[in-house]
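Accompanying notes for the structure given below.
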Protein chains: 2
Amino acid sequence: MTETPDSVTEAPETPNSEVDCLCPLGGVMDLLSRRYAMQLVCVVGAIGPARYGDVEAAFDGVSSSTLSARLDELVEAGILAREQYAEIPPRVEYELTDTGEELRDHLSPLIRWAEELDEGTISRTQE
Amino acid sequence: MTETPDSVTEAPETPNSEVDCLCPLGGVMDLLSRRYAMQLVCVVGAIGPARYGDVEAAFDGVSSSTLSARLDELVEAGILAREQYAEIPPRVEYELTDTGEELRDHLSPLIRWAEELDEGTISRTQE
DNA sequence: TTCAATACTTCGGACTCGACAGTATAAATG
DNA sequence: CATTTATACTGTCGAGTCCGAAGTATTGAA
């Protein structure tokens, strides 16, 4: 299985009965566990309707192939909406769906916390 | 660069000045973007002091090499604490550090939201 | 005619992951 | 005494994923 989220229909069926509130293995969490996925939701949410080039520039260092793949997956999952305009040169805009907005609301506190933690961590080679 | 979080010292230096609250690319978010990382924080938090075997059983399908790597990274990042007892057979217990607890607090709403979303998504093969 | 602009693909190689077998130790079992 | 059992991993190899760079398509501008 190549994990392309064509259909998000992988019920984990409670892998173990000892723990109840562990995270689902298939589905949205798997999507979000891929590189730049969470950041992408943040960026698109922050920019508003964001063009592909804007997103690429915001990241500064992501390969276009990976970015493209991530974008597709997020659209497929119903988190991002893609609107393409019939112009030359082409124009495509991404923005959060309602579901995407919800996700961003849940993601924001995590992001802010991570930023603060990273700032405080100067060098941690020694324990 | 192989991204091993030996030292979390990759300052992104504000990749783009147009967006301010986008997510950091290096650091904790990168660690959490790896497979099972977020789930691992949840599981260890739920079980309490968790032995390696408990964690492995809770996931039901993770390879031991990957699980081991993730565990090491999380320990290295100061999110998990590892305690090893000099017994035979060996016993090792993992639990969340204070930082790890904070992370779990920020992760929980996301997880719950994801679970609900996955439940509602029956089949989405058609757009 | 060539260049510019945009939103991606395609490609080869590097990196990461999964499955499975193996390691070390000592107590319990036969 | 030899074998099994239990735990927490590590090693290996093939498959899957990600990266950087170059290429594609289109049409107006120079």
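In what follows, every heavy atom counts, from backbone to side chain, and hydrogens, waters and symmetry copies are set aside. Each chain gets a letter, A, B and so on, in the order its sequence line appears, and its residues count up from 1.
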**Prompt:** Are B/Leu80 and B/Glu95 side-chain neighbours, meaning at least one heavy-atom pair lies under 4.5 Å?
**Reply:** no
**Item:** Sugar-phosphate, base or nothing in reach of B/Tyr94, heavy atoms under 4.0 Å
**Value:** sugar-phosphate
**Item:** Residue-phosphate contact under 4.0 Å: B/Arg70 side-chain N/O, C/dC17 OP1/OP2
**Value:** yes
**Message:** Using whole Å, what does the distance between atom C1' of nucleotide D/dT7 and atom CD of B/Glu93 come to?
**Reply:** 13 Å
**Item:** Counterpart residues, side-chain hydrogen bond (donor to acceptor under 3.5 Å, both in side chains), relative to B/Glu83 (two or more places apart)
**Value:** none
**Request:** Sugar-phosphate means primed atoms, P, OP1 and OP2; the rest is base. With that split, encode nucleotides 20-30 of chain D 5' to 3' as B, S or - using protein heavy atoms under 4.0 Å.
**Result:** BBB---BS---
**Item:** Atom-to-atom span, CZ of B/Arg91 to P of C/dA26 - whole angstrom
**Value:** 17 Å
**Rounded interatomic separation in angstrom, taking CG from A/Asp54 and C1' from C/dT6** = 11 Å
**Prompt:** Would one find a side-chain N or O of A/Arg35 under 4.0 angstrom from OP1 or OP2 of C/dT16?
**Reply:** no
Would you tabulate the side-chain donor-acceptor contacts of residues 101-109 of chain B under 3.5 Å, counting partners in other chains and residues two or more places apart, or write 'none'?
unit_1: B/Glu102; atom_1: OE1; unit_2: A/Trp113; atom_2: NE1; d: 2.7
unit_1: B/Ser108; atom_1: OG; unit_2: B/Arg104; atom_2: O; d: 2.9

**Message:** Tell me the interatomic distance from A/Glu83, atom CD, to C/dA7, atom P, rounded to whole angstroms.
**Reply:** 14 Å
**Asked** How close or far is atom P of C/dA19 from atom OH of B/Tyr36, stated in whole angstroms?
**Response** 8 Å
**Rounded distance [0.5 Å steps], CG in A/Asp72 versus CG in A/Leu67** = 9.5 Å
**Request:** Can you measure from CE (A/Met38) to CG (B/Asp30) and round to the nearest 0.5 angstrom?
**Result:** 9.0 Å
**Item:** Atom pair distance, as rounded to whole Å: CG in B/Leu71 and C1' in C/dC17
**Value:** 16 Å
**Item:** Whole-Å gap separating P (D/dA6) and CD (B/Glu56)
**Value:** 14 Å
**Message:** For a quick test of reading the model: is some side-chain N or O of A/Arg82 closer than 4.0 Å to OP1 or OP2 of C/dA7?
**Reply:** no
**Message:** Reading DNA chain D from 5' onward, which residue's closest nucleotide shows up sooner: B/Val92 or A/Leu67?
**Reply:** B/Val92
**Prompt:** Taking CZ from B/Arg34 and P from D/dC18, how many angstroms apart are they, rounded to a whole number?
**Reply:** 12 Å
**Item:** side chain to side chain contact (heavy atoms under 4.5 Å, CB included) partners for B/Ser68, two or more places apart
**Value:** none
**Which residues share a side-chain hydrogen bond (donor to acceptor under 3.5 Å, both in side chains) with B/Ser65, sequence neighbours left out** = B/Ser63
**Message:** Does a side-chain N or O of A/Tyr52 approach OP1 or OP2 of C/dA5 to a distance below 4.0 Å, or not?
**Reply:** no
**Message:** Would you say the ring centers of A/Phe59 and A/Tyr36 fall short of 6.0 Å from each other?
**Reply:** yes
**Prompt:** Within the structure, does a side-chain N or O atom of B/Tyr85 lie under 4.0 Å from either OP1 or OP2 of C/dT25?
**Reply:** no
**Request:** Search all heavy atoms of B/Ala77 against all heavy atoms of B/Leu31 and return the closest pair with its distance.
**Result:** CB-CD1, 3.3 Å
**Message:** Report for the helix from C/dT1-D/dA30 to C/dG30-D/dC1: angle between first-end and last-end helix axes, five pairs each, rounded to 10 degrees.
**Reply:** 30°
**Item:** Under the side chain to side chain contact (heavy atoms under 4.5 Å, CB included) test, residues paired with A/Arg51 that sit two or more places apart
**Value:** A/Asp54, A/Arg91, A/Glu93
